[in-house]
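The first residue in the sequence is number 1, and the count goes up from there.
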Amino acid sequence: MTSPRIPRPAWATTLRRARTEAGWDVHRLAVEMVRAAGTEATATTASLARRIREWESGRSTIRERYRLLLARVLPVDPKALAEQPMGGTEADRVRSVTKGLIALDELTGGADLLPAAVRNARTSHRAALATQDKGMASAAAEALQVAGWLAFDAEELPLARRLTNDSVLVSRAGGDHFAKLFALSQLAMLDAHERRPDQARPVCEHVLSQDLSPRVRGLFELRLARAQGQEGTPVRAVETLNRARARLREGVQDRDPAWTWWITDAELSWHEAMIHADNGDWARAVDLFELALGGRPPGYQRGALYDAAHLVHAQSRVRAWPEAERVLRARIVPAVGRVHSGRAHALLLRTGAEVSAGSGPRALRELLAQATG
């Protein structure tokens, strides 16, 4: 899983509200924008629809020419669509810190960021309890969840669980339903990592009994699939994952919260690989880990390192020594000095021990020692 994304900024919410109040879907807005641009149009309807989804999720800011064009087709002030300076409330400041931590996590991994994230989470949590302010409660829930994620990546699992549980509680107290759902999904993720399917499955089934947006439902089906795989029913698990894959490939819809952005084809491939790995089908896992690694975007350094570590581990299980050496040289050794992920380090240590016990080639053992030294 990738790190969570902060809630939509004000300008993204403004655009989405203006579009829905006009009664238009994303495609209709794109059509109207192309029509309004006339001979000056430089984008197709399809490419504009993709941009609109990016804008509304908050993943991409809106350039001035598009802000002016949007103001021609929607009753909205173009200034309201510009990125605004962070506000001065305490909740705003908490969100600003959290946003920076998220951006850094994708580049550096969670180990180095954890102390700052825990301070941000605990300070905001205390403020939320003291003020009973819903805005602060929402900011604290997010900060606690992100800190929990970073603790997970740092392999500080008891701390990750405490922080994530606190996120569930404060989001529930503050009435932030979406934050509560994301924290629950993170608890199920932790259960999968620690091979506790008996804990993950009830959480997933409870949430799936509710009225959910398509991508949130797909996310919890994904978590349920991992639990089913660890319960020794891989065929059933893959069927559940394929239902999630079909749902998630429908794209982002209006009811989907912004934080569901991270569920990509690469992520689905990784989870399917883990289902097979959990059941000892290492050859199939190798193929899917390769697919996951190949599908990561260039800037996704922490996740790519973790994918590569899993790929090398699976390759070592099928004794594909030359292939494992190539991945280590190309994807892992150059990255370990820049990205500090406790999960990746722990997995590479385990792989090194297994390779040594299985009399793996010396070159591979030396590369693994270099990656974990």
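- Ion pairing between Arg362 and Glu366 holds under the 4.0 Å rule for side-chain N and carboxylate O.
- Side chain of Glu354 to main chain of Arg317: no donor-acceptor pair is present (N/O by atom type, distance under 3.5 Å, no hydrogens or angles).
- Judged by distance alone, the side chain of Ser57 and the main-chain N or O of Glu54 form a donor-acceptor pair under 3.5 Å.
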Inset, instruction - Take Thr14 and Asp77, measure what side-chain contact (heavy atoms from CB on, under 4.5 Å) needs, and give me the verdict at the end. - result: CA-CA 10 Å; Thr14 297; Asp77 184 345; over 6 Å; no

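- Under the 3.5 Å distance criterion, the side-chain polar atoms of Asp153 are left unmatched by any main-chain donor or acceptor of Arg343.
- Although no hydrogens or angles enter the test, the distance criterion places no donor-acceptor pair under 3.5 Å between the side chain of Arg51 and the main chain of Ser47.
- Atom CD1 of Ile102 sits about 9.5 Å away from atom NZ of Lys99, to the nearest 0.5 Å.
- Between the side chain of Ser96 and the backbone N or O of Asp92, no donor-acceptor pair lies under 3.5 Å.
- Within the 4.5 Å cutoff, the side chain of Glu272 has no heavy atoms near those of the Ser269 side chain.
- Annotation: the span from Leu368 atom CG to His313 atom NE2 amounts to 10.5 Å, rounded to 0.5 Å.
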Compile the donor-acceptor pairs under 3.5 Å between side chains in residues 280-293 and protein atoms, sequence neighbours left out, one pair per line.
{"residue": "Asp281", "atom": "OD1", "partner": "Arg284", "partner atom": "N", "Å": "3.3"}

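- Inter-residue side-chain proximity for Arg35 and Val31 is flagged as met; some heavy-atom pair is nearer than 4.5 Å.
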Legend entry - Criterion side-chain contact (heavy atoms from CB on, under 4.5 Å) on Leu224 and Leu241, from CA distance to verdict: CA-CA 8 Å; Leu224 178 60; Leu241 185 138; over 6 Å; no

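- In this structure, Leu29 and Leu74 have side chains that are in contact, with non-hydrogen atoms separated by less than 4.5 Å.
- Ser316 places no side-chain N or O within 3.5 Å of a backbone atom of Arg319 that could act as its donor or acceptor partner.
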Inset, instruction - Please lay out, stage by stage, how Glu267 and Asp265 fare under the test side-chain contact (heavy atoms from CB on, under 4.5 Å). - result: CA-CA 5 Å; Glu267 194 71 29; Asp265 282 341; over 6 Å; no

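- Tracing side-chain contacts under 4.5 Å through hydrophobic residues (I, L, V, M, F, W, Y), one reaches Phe152 starting from Leu159; they form part of the same cluster.
- A distance-only check finds no donor-acceptor pair linking the side chain of Arg247 to the backbone of Arg215 [under 3.5 Å].
- Residues Arg236 and Glu231 are not paired through a salt bridge, judged by the lack of any N-O separation under 4.0 Å between the basic side chain and the carboxylate.
- Note on residues 156-173: pairs passing side-chain hydrogen bond (donor to acceptor under 3.5 Å, both in side chains), not counting sequence neighbours, are Arg161-Asp191, Arg161-Glu194, Thr164-Gln186.
- Side chains of Arg223 and Ser185 form a contact here, defined as non-hydrogen atoms less than 4.5 Å apart.
- Of the charged side-chain nitrogens involved, at least one lies within less than 4.0 Å of a carboxylate oxygen, so that Arg19 and Glu56 count as a salt-bridged pair.
- Rounding to the nearest 0.5 Å gives a distance of 12.0 Å between CZ of Arg245 and CD of Glu221.
- There is no path of hydrophobic side-chain contacts, each under 4.5 Å, that joins Leu349 to Leu367.
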Inset, instruction - Apply the test side-chain contact (heavy atoms from CB on, under 4.5 Å) to residues Trp270 and Arg296: give CA-CA distance (whole Å), side-chain angles for both, the deciding distance (0.1 Å), then the verdict. - result: CA-CA 11 Å; Trp270 185 88; Arg296 299 297 186 185; 4.0 Å; yes

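- Looking at heavy atoms from C-beta onward, Val94 lies in side-chain contact with Asn120 at the 4.5 angstrom threshold.
- Panel note: side chain Ser138, backbone Lys134; no donor-acceptor pair is recorded below 3.5 Å.
- In this structure, the side chains of His125 and Leu129 come closer than 4.5 Å at one or more pairs of heavy atoms.
- Looking at Leu163 and Gln145, their side chains never come closer than 4.5 Å, going by heavy atoms from C-beta outward.
- The side-chain heavy atoms of Tyr66 and Met33, taken from C-beta on, include a pair separated by under 4.5 Å.
- Between the Arg331 side chain and the Ala304 main chain, no donor and acceptor come within less than 3.5 Å of each other.
- Glu239 and Arg243 are not joined by a salt bridge, as no carboxylate oxygen comes within less than 4.0 angstrom of a charged side-chain nitrogen.
- Linking ILVMFWY residues whenever their side-chain heavy atoms come closer than 4.5 Å, directly or via other members, leaves Val73 and Leu68 in distinct clusters.
- For the residue pair Thr240 / Gln228, a side-chain donor-acceptor distance below 3.5 Å is found, with atom types taken as modelled.
- Between the OG1 atom of Thr61 and the CG atom of Leu81 there is a distance of 11.5 Å, given to the nearest 0.5 Å.
- The shortest heavy-atom contact between Ala147 and Ala117 is CB-O, 3.6 Å.
- The closest donor-acceptor contact from the side chain of Arg217 to the backbone of Gln210 lies under 3.5 Å.
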